[in-house]
Structures are given as structure tokens and as C-alpha cells.
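Before any comments, here is the structure.
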Amino acid sequence: SKQPVRVAVTGAAGQIGYALLFRIASGEMLGKDQPVILQLLEIPDEKAQKALKGVMMELEDCAFPLLAGMEAHSDPMTAFKDTDYALLVGARPRGPGMERKDLLSANAQIFTAQGKALNAVASRNVRVLVVGNPANTNAYIAMKSAPDLPRKNFTAMLRLDHNRALSQIAAKTGKPVSRIEKLAVWGNHSPTMYADYRFATIDGQPVKQMINDEEWNKNTFLPTVGKRGAAIIEARGLSSAASAANAAIDHMRDWALGTHGKWVTMGIPSNGEYGIPKDVMFGYPVTTEGGEYKIVEGLDIDAFSQERINLTLKELQEEQDGVKHLL
Ligand code: NAX
């Protein structure tokens, strides 16, 4: 049987953590034959640590056969020790009266410290997924703070946007979600993301022709996907948690185990593909195999798409400029 791998999760006592940990421990992320050791990080605050202990009690009570060990931490330098996978979920939420730039700099501190800790103690091939918002910029900060680790191993979560877009297309066409291929989401995890079904197919048929409605694309589809997070908050009184945890599982599982040719979306550091400046943490369509992702290249970018890509890129560059002096 396989040796256990180490999976670090931050923000482990939060609502996404609660929807995430049980699925990781049951083998849904890394496979039903892969034992895991959970290294859980929460802030030192007594209430958070106590809540984390409670979650660990419930994990124990599941008696998961694949859960080979579990640790509670309040310091990233111990939480990330030898970790093979790191899911950075915990972040500073926007408090009352907090300006965007205060939010950026509060998170810059967290992700600088966590990037440095990964750099110092994690496995040299640790795969990092940043979920905590602003996810792309936080991933960029962590990457920049970890110069000894491969840049390509730092990623941001765009998968929830991708899955939201799949569902909207399935509803519009009346076809099952499982048949939709070749969807792409470009850019930032924010309402500026550009969900692009120009290349998508269902059973080999072009989705664009099935829908054939540019007004729907511009005025319904893109705003619905872009503002879905706000719509969930409005309906539930809480932000997306189970769907976010599900997207994190999808992202890591596909990265580790491969997509068998299927396109998925990951936020990854650019190497200049599609004119995006190097290091910008950008949502791209990728395929994965053997634990590595590969950008889908050579797609035609029409004028409307270029406009949307420029918009989301501009927002990302503004965020990154806003934290440059802190790095
Ligand atoms: P919660 O507030 O329920 O939980 C966050 C937890 O993180 C808290 O328990 C807190 O104590 C902990 N935490 C804060 N700073 C920490 C640090 N420096 N180290 C370790 N733990 C720390 O939030 P939740 O709903 O779980 O959301 C977590 C993050 O995911 C938020 O930043 C949220 O904005 C972001 N999201 C990102 C999404 C994406 O698609 N990329 C979608 C869902 C979600 O909104």
C-alpha cells in the first residue's frame, strides 16, 4: 500500500475547512488508495484553536481508513513541515470600514509569512493552492516569498468560476454537465473573470452554435457567473463554502491525478502565454498529466475576448502593484 502524503490546510476551522477536510480524509482528493496526514493551521487565537480541536474530534469520529495522522498548528513553520500539498484557505476577510488596500496589505502579511514558511520547511515539490481571497494576488505573494520552490507549483483557485460556468451552460443547453468539454476561464477570481465557451463542445458539437446568442453571453451568462459569489451571500447569508471546498478538491485532484485530456481552469503564473506578463497569476485553460499542468495554447483570441482579458489583467496588475512594496 502507498506511503501517506502530507496535506496542509490553513483556515481549517473555517466554513470552507469544514466542507473540505472530511473529503480529503475520505480520499476524494488524492485517490481512494492514498493515505493522508492532515497538518492543520489556524490562527493562535484560543477560540479558533478550540474550534479546530472540535473539527479534529469529528474527523476522528469518522474513522477514515485513509487518515494516517492529524496535527493542529498555530505556526506555518510547523504546519508546513515536509508538506506535499498545501491548501491555503485562511485569509483576512474584509472587516467593516476596511479599504481594499488595507485588505490587500493584511493579506500580503499572511501570504508573505506563509510563502516564507513553505520555502523553509515544505517538501521541495509542494503543490500549493490558494483559495483565500484575493486568491490570485495571495498566490502571487506566496510564490514571490518562496524563491527556492518551483514557481509553477503556486496556483490560485479559478475552479469554482469554471464549475459555475459549466452549470450555467448545462442549464442553458439542457445537456448534462459531464458532456461539456473545452471551457476556459481567463484571469482573476473576481467578477472580472472571463468565462469563455467559444471553444466548448457538447458531444462534439460547438456550444457557441447551440446557444447562438451573443446577448445572452454578455448580459446574462458573464454577469451570472461573475456575480455568483454575491448571489450566494445574498441567498444564504454566508459566502460559498461547500461549492468552494468542492472546487478545491477538483483542482487538487486533477493536478495530482490528471484530466485525461479534459480542459480545466487553474490560476497559474504566466510565462507570457497569450500576452500576459510573466508571473501574473492568471486563470488559464489547462490539461494535466503526471502531476503537471500544461496551458492549452494556440487558441484564437477575438476582439471581445481580448477586451475582457485586458480588463481582468488590468485588475490583477493593480492588485499586484498594490502589494509590490511589501514583497
Ligand atoms: P471563514 O472565515 O469561515 O474561515 C476562515 C478561517 O481562516 C478562520 O477560521 C480564520 O481563523 C482562519 N484564518 C485567518 N487567517 C489565518 C491565517 N493567517 N492562518 C491560518 N488560518 C487563518 O472563511 P471561509 O468561508 O472558510 O473562506 C475562506 C477564504 O476563502 C476567504 O478568504 C474567502 O474569501 C475565500 N473564498 C475563495 C473562493 C475562491 O473561489 N477562490 C470562493 C469561496 C471563498 O469566498
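In each ligand, atom 1 is the first atom listed, and ligand 1 is the first ligand listed.
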Would you mind listing which atoms of ligand 1 come within a distance below 4.0 Å of any non-hydrogen atom of [X]?
X: Gln114; result: 17 (C), 18 (N), 19 (N)
X: Gly11; result: 6 (C), 7 (O), 12 (C), 20 (C), 21 (N)
X: Ala244; result: 42 (C), 43 (C)
X: Ser239; result: 25 (O)
X: Ser240; result: 43 (C)
X: Gly90; result: 7 (O), 13 (N), 22 (C)
X: Val89; result: 28 (C), 29 (C), 30 (O)

At the 4.0 Å heavy-atom cut-off, does [X] count as touching ligand 1?
X: Arg159; answer: no
X: Ala241; answer: no
X: Arg92; answer: no

Regarding [X] and [Y], do their side chains bring together a donor and an acceptor under 3.5 Å, going by distance alone?
X: Arg94; Y: Asn133; answer: no
X: Asn271; Y: Arg151; answer: yes
X: Gln306; Y: Asn310; answer: yes
X: Ser240; Y: Arg164; answer: yes
X: Thr192; Y: Glu315; answer: yes
X: Ser239; Y: Gln15; answer: yes
X: Glu319; Y: Asn188; answer: yes
X: Tyr284; Y: Ser270; answer: yes

Is the Phe221-Tyr197 ring centre distance short of 6.0 angstrom? yes
Aromatic contact, Tyr85 with Trp255 (centres under 6.0 Å):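 So the answer is no for these two rings.
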In the protein, which heavy atom is nearest to [atom], and how far is it?
atom: atom 4 (O) of ligand 1; result: Gly14 CA, 3.2 Å
atom: atom 44 (C) of ligand 1; result: Ile16 CD1, 3.6 Å
atom: atom 39 (C) of ligand 1; result: His189 NE2, 3.1 Å
atom: atom 32 (O) of ligand 1; result: Asn133 N, 3.0 Å
atom: atom 11 (O) of ligand 1; result: Glu42 OE1, 2.7 Å
atom: atom 14 (C) of ligand 1; result: Ala91 O, 3.5 Å
atom: atom 22 (C) of ligand 1; result: Ile43 CG2, 3.7 Å
atom: atom 37 (C) of ligand 1; result: Val131 O, 3.0 Å

Salt bridge flag under 4.0 Å for residues [X] and [Y]:
X: Asp196; Y: Arg308; value: no
X: Lys218; Y: Glu214; value: no
X: Glu234; Y: Arg228; value: no

With a 4.0 Å heavy-atom cut-off (strictly under), which part of [X] contacts ligand 1: side chain, backbone, both or neither?
X: Ile110; value: side chain
X: Gln15; value: both
X: Leu160; value: side chain

Say whether Thr10, considering both its backbone and side-chain N or O atoms, lies within less than 3.5 Å of an N or O atom on ligand 1. no
Do any nitrogen or oxygen atoms of Asp161 lie less than 3.5 angstrom from nitrogen or oxygen atoms of ligand 1? no
Could you check whether atom 7 (O) of ligand 1 has a protein contact, counting only heavy atoms that fall below 4.0 angstrom?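 Protein heavy atoms within 4.0 Å of atom 7 (O) of ligand 1 - there is at least one.
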Give the intermediate values and the outcome of salt bridge (charged side-chain N to carboxylate O under 4.0 Å, His left out) for residues Glu71 and Arg6. CA-CA 10 Å; Glu71 305 162 3; Arg6 296 180 174 275; 3.5 Å; yes
